[in-house]
Amino acid sequence: MKFKKRNNFDKNELNVAKRIIQSGSLSSYVAEWGRNFYGGSEIEKLEKKFSNYFNVKYSIAVNSWTSGLICAVGALDIEPGDEILVCPWTMSASATAILHWNAIPVFVDIDPENFCIDPKEIEKKISKKTRAIMAVDIFGLSADMDKINSIAKKNNLKVISDCAQAIGAKYKKKFAGTLGDIGGFSFNHHKHIHCGEGGLLVTNDKMLAEKMRMIANHAEAVMRKRTKFPLTNMIGYNFRLTELQAGILIEQLKKLKKILKKQNILAKKLDSGLKDLIGISVPKFDRKIKTHSYYFYPIIYDKTKHTKVIPRKKLVSQLRKKGLSMITEGYTNIHLLPVFQKRKAYGSKTSFPWKLNKKKYVYKKGICPIAEKYQDEMLIGLGIMNYDFSIKDVQFIIKVFKEVWFKNFK
Ligand SMILES: *Cc1c(COP(=O)(O)O)cnc(C)c1O
């Protein structure tokens, strides 16, 4: 089965690109303090549109969400050796952004139902060194932000929301990304809306916004006119987004609602088509509290529900053979990556940042049992953002699942 490739672009992006190229300038940023520190007119317009849409005070465009995460962590006045709690199910950047500032990622297992950081596990991992929680709204669903925020408040921690996969998802009527201290989105080519590569930070805190802008734009903190600016973590980068990408993103944002509506229609069909297959659980969440943006459609397969035990691998291979190219098996556990296993990040001879503390940091298998079990045996993922799926395609997916289930479990 051949599925249609996704293409979000139409004449609107084309016209914008043409207009901006014809203007003769694809970026207006300068690092020096002054009007152009904030970039050109498309960047300004983009940030305004995002602030309005997401109902936040400050939006900061950056050239990727990885860059955004580095800005976010740096802006929290992190000291080398500080710890930040993060979950194993995310993209490596959520954890490596922490290492960038010589801070130490401490992994907290995922919630078995929503696959985001489990609030029940957070407090067990808090130490005197903990400064922040990095909550990742994985697959398009918000983490349990009320519980996370209340733990953060009690322990004087900051909260960063990685909403790369959950743009437009809501939690108690507020947008994912706007419930912690800093949130943000990715616009790489896999994501709901995109501009090649890009990211955007949102916050309601003026000082955090200023610091993130500094880190993203060279942080020449010796800037002649801003000598009073605090120097903490003012190691600057060039994380600036181009005018061309900003212009395209403005068009993309207009399409977000429609894209989310479609993902929800596809997911609803999948829910009703797959939920009765024995051993399968489809995404579960409280619809009174959350909405889902379905970057990914996660299915949990429990082989013990059948008298005949068939490993996931066998089923997935059959599903793929019958044409389901969007199927994935498990999800990478970031804590098991070599950088953590070998505790090697800066150079080959030292073990920074871990050696900054006396404590022994353990990243071995077993520290996040749920995420590990799901990765090894239980998660079957449908990449429903990978193609431009139609209802017919989804009906085909369901049909193939039923055939495979019938063949194996009849
Ligand atoms: C895509 C993604 C990122 C990284 O975003 P880039 O824009 O590609 O740098 C980070 N975290 C999560 C959860 C993501 O899905």
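Ligands are counted one by one from 1 in listed order, and the atoms in each one are counted from 1 as well.
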Peer 1: Test of understanding: with ring pair (Phe, Tyr, Trp, His ring centres under 6.0 Å), list the residues that count as partners of Phe107, not counting sequence neighbours.
Peer 2: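 Ring pair (Phe, Tyr, Trp, His ring centres under 6.0 Å) check on Phe107 returns His335, Phe340, Tyr363.
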
Peer 1: Please name all residues satisfying side-chain contact (heavy atoms from CB on, under 4.5 Å) with Asp77, sequence neighbours left out, ordered by chain then number.
Peer 2: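 Asp77: side-chain contact (heavy atoms from CB on, under 4.5 Å) contacts with Lys211, Thr232.
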
Peer 1: Without placing hydrogens or testing angles, list every side-chain donor-acceptor pair under 3.5 Å for residues 274-287, not counting sequence neighbours.
Peer 2:
residue	atom	partner	partner atom	Å
Asp286	OD1	Lys288	N	2.9

Peer 1: Is Glu47 paired with Arg213 through a side-chain N to carboxylate O contact shorter than 4.0 Å?
Peer 2: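 Salt bridge flag = yes for Glu47 with Arg213.
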
Peer 1: Under a 4.0 Å N-O cut-off, is there an ion pair linking Arg131 with Glu79?
Peer 2: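 Salt bridge between Arg131 and Glu79, a charged N being under 4.0 Å from a carboxylate O: no.
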
Peer 1: Tell me whether the centres of the aromatic rings in Tyr294 and His192 are closer together than 6.0 Å.
Peer 2: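 Between Tyr294 and His192, the centre distance exceeds or equals 6.0 Å.
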
Peer 1: Report all protein residues having a heavy-atom distance below 4.0 Å to some atom of ligand 1; order the list by chain, then number.
Peer 2: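 Residues within 4.0 Å of ligand 1: Ser64, Trp65, Thr66, Thr90, Met91, Ser94, Val136, Asp162, Ala164, Gln165, Ser186, Asn188, Lys191, Gly198.
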
